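Below is one structure, written out as structure tokens, with a few remarks after it.
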Number of protein chains: 2
Amino acid sequence: MITLTEENYIKAIYHLSNNGTENVNTNAIAEAMSTKASSATDMIKKLSEKNYADYKKYQGVTLTEKGKRVAVNIIRKHRLWEVFLVEKLNFTWDEVHEVAEHLEHIKSDKLIDELDAFLEHPTHDPHGDPIPDKDGNFQHIDKIVLAKANIGVAYKCVGVDDTSTAFLQYLDSNGIALGTMITVMHKEPYDNSVKIQLKDSEIVVSQSVAKNLYLKKI
Amino acid sequence: MITLTEENYIKAIYHLSNNGTENVNTNAIAEAMSTKASSATDMIKKLSEKNYADYKKYQGVTLTEKGKRVAVNIIRKHRLWEVFLVEKLNFTWDEVHEVAEHLEHIKSDKLIDELDAFLEHPTHDPHGDPIPDKDGNFQHIDKIVLAKANIGVAYKCVGVDDTSTAFLQYLDSNGIALGTMITVMHKEPYDNSVKIQLKDSEIVVSQSVAKNLYLKKI
DNA sequence: AATAATTTTTAGACTTATCTAAATTTGTTT
DNA sequence: AAACAAATTTAGATAAGTCTAAAAATTATT
Ligand SMILES: [Mn+2]
Ligand SMILES: [Mn+2]
Ligand SMILES: [Mn+2]
Ligand SMILES: [Mn+2]
């Protein structure tokens, strides 16, 4: 039996480790979980004892296959609930994250399978992130971050890295949503801001925006 | 801020106290929560400190107005989720209780209001229990228990007291559901079993069934 | 009204997840 | 290679919720 807190740590490690592929250090986990390093160490030990992670003192942590399965399953639930909230309950994409953070921990296979079917097996969540299927498989979108896009090329917005209300509302008020066409006009070397062309406007976005917006070549 | 455990105790007290009207003793609470009396005492003290309940040592406990509001709100959420599971996700009435027990603790006013609207403001849950509205008001159905029904009178099944899988599946396999017409044919004094007439069958049910099935005169 | 039975509370202990402060290990610089 | 800095772990505390065993209060019975 796995606790809610263990699930949250496993999910955090999964994201920090680039989908379970890389080693993660204690401080990064503590920061992601908004706790202290000592708390992270305690939990890492526990996850290791329960075979969710491999851990050697001072050497960081990696998820085991068992740990990765747990992580992907929680992510599946999180993203399906996000779709439900937006598609069925009139939530906006900046409102769903916090509620999904709790709904993702409800344990019922039937619930999540039926929800998946009810939503007609969605493949992506409201932020453009892929939804793993029942077996944990999902397709990796070939996306790049706006900051690394090429000048003059036409892209489509396919995702965001930051799902905070502040960032998503910023995008809303600037007419950027999933599917929006974007052409990079100019990159300012001084502050790494980027001038982009939208359908009927041209705007300048800061580096932090450019680093959190994912695009795909058309 | 209220914890999940506090919410569960408050709900249990509400049900044990006949909707917040009567005094409840420690042992009853412990039994309902499947814990020991000492644990119940600790929690009662805490609920009292937080003004969810009035408590005098050895004299039992009653919910305050604040406590009742919390209880009714959780019951509202529990029952709305049960409707959702049955109406939208193909759950049967014997499958919903356990999942709703967890969903009821998700904290989001928007979530529950939108869910209510999405379900078109249902007034009763899959077990025939009334769903409180946003302000905590709900109509009390004028129901009687089968054990106290009169012989020869036509009734309609409007609810159950026991929501366990075993009991609900028993009803399913005997052709009894919400809305089923029932006429009492005979009450056996020896074991308090009851012979009832359904649409095209006549069956005998035990006292424990008769005490858990609610009827309404047509 | 005294005794017995039942109910309830208290005392002390355990677990989970957290914290601060101190100790240890690793890495970086001179 | 020694010293310093940064990252990590350990030690000891705390809060929530639970437990067992024992003490206290209430209720029932003679
Ligand atoms: Mn979570
Ligand atoms: Mn998302
Ligand atoms: Mn519950
Ligand atoms: Mn119900």
Side-chain angles (χ1 to χ4, degrees), chain A residues 1-18 22-63 66-67 70-71 74 101-102 104-107, chain B residues 1-14 16-17 22-63 66-67 70-71 74 101-102 104-107:
Chain A
M1 167 253 27
I2 189 166
T3 69
L4 186 147
T5 312
E6 286 165 1
E7 288 187 343
N8 281 333
Y9 270 93
I10 289 171
K11 191 176 68 154
I13 294 170
Y14 183 83
H15 283 133
L16 289 168
S17 67
N18 190 25
E22 294 163 17
N23 203 270
V24 184
N25 21 279
T26 305
N27 271 353
I29 296 170
E31 153 128 57
M33 294 301 297
S34 303
T35 60
K36 296 302 158 77
S38 53
S39 305
T41 299
D42 284 347
M43 182 53 76
I44 291 164
K45 279 186 198 163
K46 186 147 70 112
L47 294 180
S48 175
E49 267 160 36
K50 291 191 171 187
N51 287 308
Y52 294 116
D54 290 322
Y55 167 63
K56 282 207 198 87
K57 267 193 200 176
Y58 295 99
Q59 302 310 132
V61 66
T62 50
L63 290 178
K66 184 184 171 193
V70 169
I74 297 174
E101 203 58 46
H102 294 102
E104 70 186 3
H105 301 289
I106 304 286
K107 285 167 188 63
Chain B
M1 166 252 27
I2 189 167
T3 68
L4 185 147
T5 311
E6 287 165 0
E7 288 187 343
N8 282 333
Y9 270 93
I10 289 171
K11 190 176 67 155
I13 295 169
Y14 184 83
L16 290 168
S17 67
E22 294 164 17
N23 203 271
V24 184
N25 21 278
T26 304
N27 271 353
I29 296 169
E31 152 129 57
M33 295 300 297
S34 303
T35 60
K36 296 302 157 76
S38 52
S39 305
T41 300
D42 285 347
M43 181 54 77
I44 290 164
K45 279 186 198 164
K46 188 149 69 114
L47 294 179
S48 175
E49 268 161 35
K50 290 191 171 187
N51 288 308
Y52 294 116
D54 290 322
Y55 167 64
K56 281 209 199 85
K57 267 194 199 178
Y58 295 99
Q59 302 310 133
V61 67
T62 50
L63 290 178
K66 184 184 171 192
V70 168
I74 297 174
E101 203 57 48
H102 294 103
E104 71 187 2
H105 301 288
I106 303 286
K107 285 167 189 66

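Here the structure is a predicted model, which is why all the values come from computation and not from measurement. Within every chain, numbering begins at 1; the chains are lettered A, B, ... in the order of the sequence lines, protein sequences first and strands thereafter.
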Practice task
In sequence, state the C-alpha distance, the side-chain angles, and the governing distance for I74(B) and I10(B), and then conclude on side-chain contact (heavy atoms from CB on, under 4.5 Å).
Solution key: CA-CA 9 Å; I74(B) 297 174; I10(B) 289 171; 5.6 Å; no

Handout entry: Side-chain heavy atoms of H102(B) within contact of L4(B), under 4.5 Å
Key = no

Fill in the blank from the handout: Its 5'-most and 3'-most nucleotides having an atom under 4.0 Å from a non-hydrogen atom of chain A, DNA chain D is contacted over dA7(D) to dT10(D)

Practice task
Can you measure from CD1 (I106(A)) to CD1 (I106(B)) and round to the nearest 0.5 angstrom?
Solution key: 4.5 Å

Exercise for the section: For residues M1(B) and K107(B), determine if any side-chain heavy atom of one lies less than 4.5 Å from a side-chain heavy atom of the other. Expected result: no

Fill in the blank from the handout: What residues 48-57 of chain A contributes to the DNA chain D interface at heavy-atom separation below 4.0 Å is Y55(A), K57(A)

Exercise for the section: Would you jot down, in residue-number order, the residues of residues 25-40 of chain B having a non-hydrogen atom under 4.0 Å from DNA chain C? Expected result: N25(B), T26(B), N27(B), A37(B), S38(B)

Exercise for the section: Under 4.0 Å from any atom of DNA chain D, heavy atoms only: list the residues of residues 6-13 of chain B that qualify, in numerical order. Expected result: Y9(B)

Practice task
Could you tell me whether a side-chain N or O of K66(B) sits under 3.5 Å from a main-chain N or O of K50(B), the two making a donor and an acceptor?
Solution key: yes

Which atom pairs, one a donor and one an acceptor, fall under 3.5 Å between side chains of residues 51-63 of chain B and the rest of the protein, sequence neighbours left out?
none

Problem - Integer-rounded Å distance: dC14(C) P and D42(B) CG - result: 17 Å

Handout entry: Non-hydrogen side-chain atoms of I44(A) and I29(A) separated by less than 4.5 Å
Key = yes

Practice task
May I ask you to test the H15(A)-V24(A) pair for a side-chain heavy-atom distance under 4.5 Å?
Solution key: no

Practice task
For I2(A) and dT16(C), give me the distance from atom CD1 to atom P, rounded to whole Å.
Solution key: 13 Å

Problem - Atom pair distance, as rounded to whole Å: OH in Y58(A) and C1' in dG27(C) - result: 13 Å

Practice task
Report yes if the side chains of M43(A) and M33(A) come closer than 4.5 Å at any heavy-atom pair, otherwise no.
Solution key: no

Exercise for the section: Please work out if T5(B) contacts a base, only the sugar-phosphate, or nothing of the nucleic acid, heavy-atom cut-off 4.0 Å. Expected result: sugar-phosphate

Exercise for the section: Could you name each residue pair satisfying salt bridge (Lys or Arg N to Asp or Glu O under 4.0 Å) that touches residues 29-42 of chain A, not counting sequence neighbours? Expected result: none

Completion exercise
Output for pair (N27(A) CG, T41(A) OG1), nearest 0.5 Å, gives 8.5 Å

